[in-house]
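Here the structure comes first, spelled out in structure tokens, and everything after it is commentary.
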Amino acid sequence: MLNEVKVVICGKEYKLRTAESPNYVFALARALEAKINALVDSGSGSSPYTASIMVALSLLDDLNKSNQRLDNIRDQSKEYVDEAGKSRIERDAALKEIEVLKSKIVQLENMVKLRQLKDSL
């Protein structure tokens with residue numbers, strides 16, 4: 001269900017339809033307005049419109065960099081999963097080899113016992 005939310009940013013009212021909660025949207029609007037006002041009040045002579053464009057560019061830059069970091073983390077995670085899978089296969093092969101060697105040890109021990117028995121007779 002979509003919520004209809006009215007927010008005021010820099011004195012202008014905007015009506016939004018969103019699946020997000022109204023409190024979340026209000027918080028976003030307050031944060032955006034604070035960023036815009038910080039640029040306008042910085043003495044740079046920026047209008048609210050220019051400040052809005054600068055804030056939008058900054059936020060897009062942050063988003064792109066975050067997405068790149070997320071992609072890197074996903075790639076690393078995939079590599080870790082692949083390595084773990086290879087290690088699991090190697091471990092399973094080693095366990096099978098251990099079982100084979102244990103069986104051979106038992107056979108050799110039995111052969112030694114048989115020889116000792118043969119020699120004692």
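Given the structure is predicted, the values throughout are model-derived calculations rather than measurements. All heavy atoms count here, side chains included; hydrogens, waters and symmetry mates do not.
- Considering every non-hydrogen atom in both A51 and V40, the closest pair reads CB-CG2, 3.7 Å.
- Other residues, nucleotides and ligands contribute more than 12 heavy atoms inside 6.0 Å of the CZ atom of F26.
- In this structure, E33 and I9 approach most closely via the heavy-atom pair OE2-C, 3.9 Å.
- A distance of 9.5 Å separates CG of D75 from CG of L70, quoted to the nearest 0.5 Å.
- The shortest distance between side-chain heavy atoms of E97 and L101 falls below 4.5 Å.
- Separating the CD atom in E83 from the CZ atom in R88 is a distance of 12.5 Å, to the nearest 0.5 Å.
- More than 12 non-hydrogen atoms from other residues, nucleotides or ligands lie less than 6.0 angstrom from CD of E13.
- What you find for S21 and N3 is that their closest heavy atoms are CA-ND2, 4.1 Å.
- With respect to K96 and D92, no salt bridge is recorded, no charged nitrogen being found less than 4.0 Å from a carboxylate O.
- Side-chain atoms of R74 and S77 form no donor-acceptor pair, as typed in the model, at a separation below 3.5 Å.
- A salt bridge does not link K86 to D82: none of the charged nitrogens lies less than 4.0 Å from a carboxylate oxygen.
- Contact check for V7 versus V25: side-chain heavy atoms found under the 4.5 Å cut-off.
- Put simply, CG on L16 and NZ on K6 are 11.5 Å apart, with the number rounded to the nearest 0.5 Å.
- From S66, atom OG reaches atom CG of L59 across 10.5 Å, with rounding to the nearest 0.5 Å.
- Between V5 and E20, every side-chain heavy-atom pair lies at or beyond the 4.5 Å cut-off.
- There is no path of hydrophobic side-chain contacts, each under 4.5 Å, that joins Y49 to V8.
- Contact detail for L39 and V55: the closest heavy-atom pair is CD1-CG2, 3.7 Å.
- When hydrophobic side chains of Ile, Leu, Val, Met, Phe, Trp and Tyr are connected at separations under 4.5 Å, L108 ends up clustered with M111.
- In the hydrophobic clustering of ILVMFWY residues, with side-chain heavy atoms under 4.5 Å counting as a link, L28 and Y14 come out apart.
- By the 4.5 Å heavy-atom criterion applied to side chains, S46 and M54 are not counted as neighbours.
- Using a 4.5 Å heavy-atom cutoff, the side chains of V106 and K102 are not in contact.
- Between N37 and C10, the closest side-chain pair of non-hydrogen atoms falls below 4.5 Å.
- Remark: K118 engages no residue in a salt bridge (charged side-chain N to carboxylate O under 4.0 Å, His left out) (not counting sequence neighbours).
- With rounding to the nearest 0.5 angstrom, the CZ atom of R91 is 6.0 Å from the CG atom of L95.
- In terms of heavy-atom proximity, I36 sits nearest to S52 at CD1-OG, 3.4 Å.
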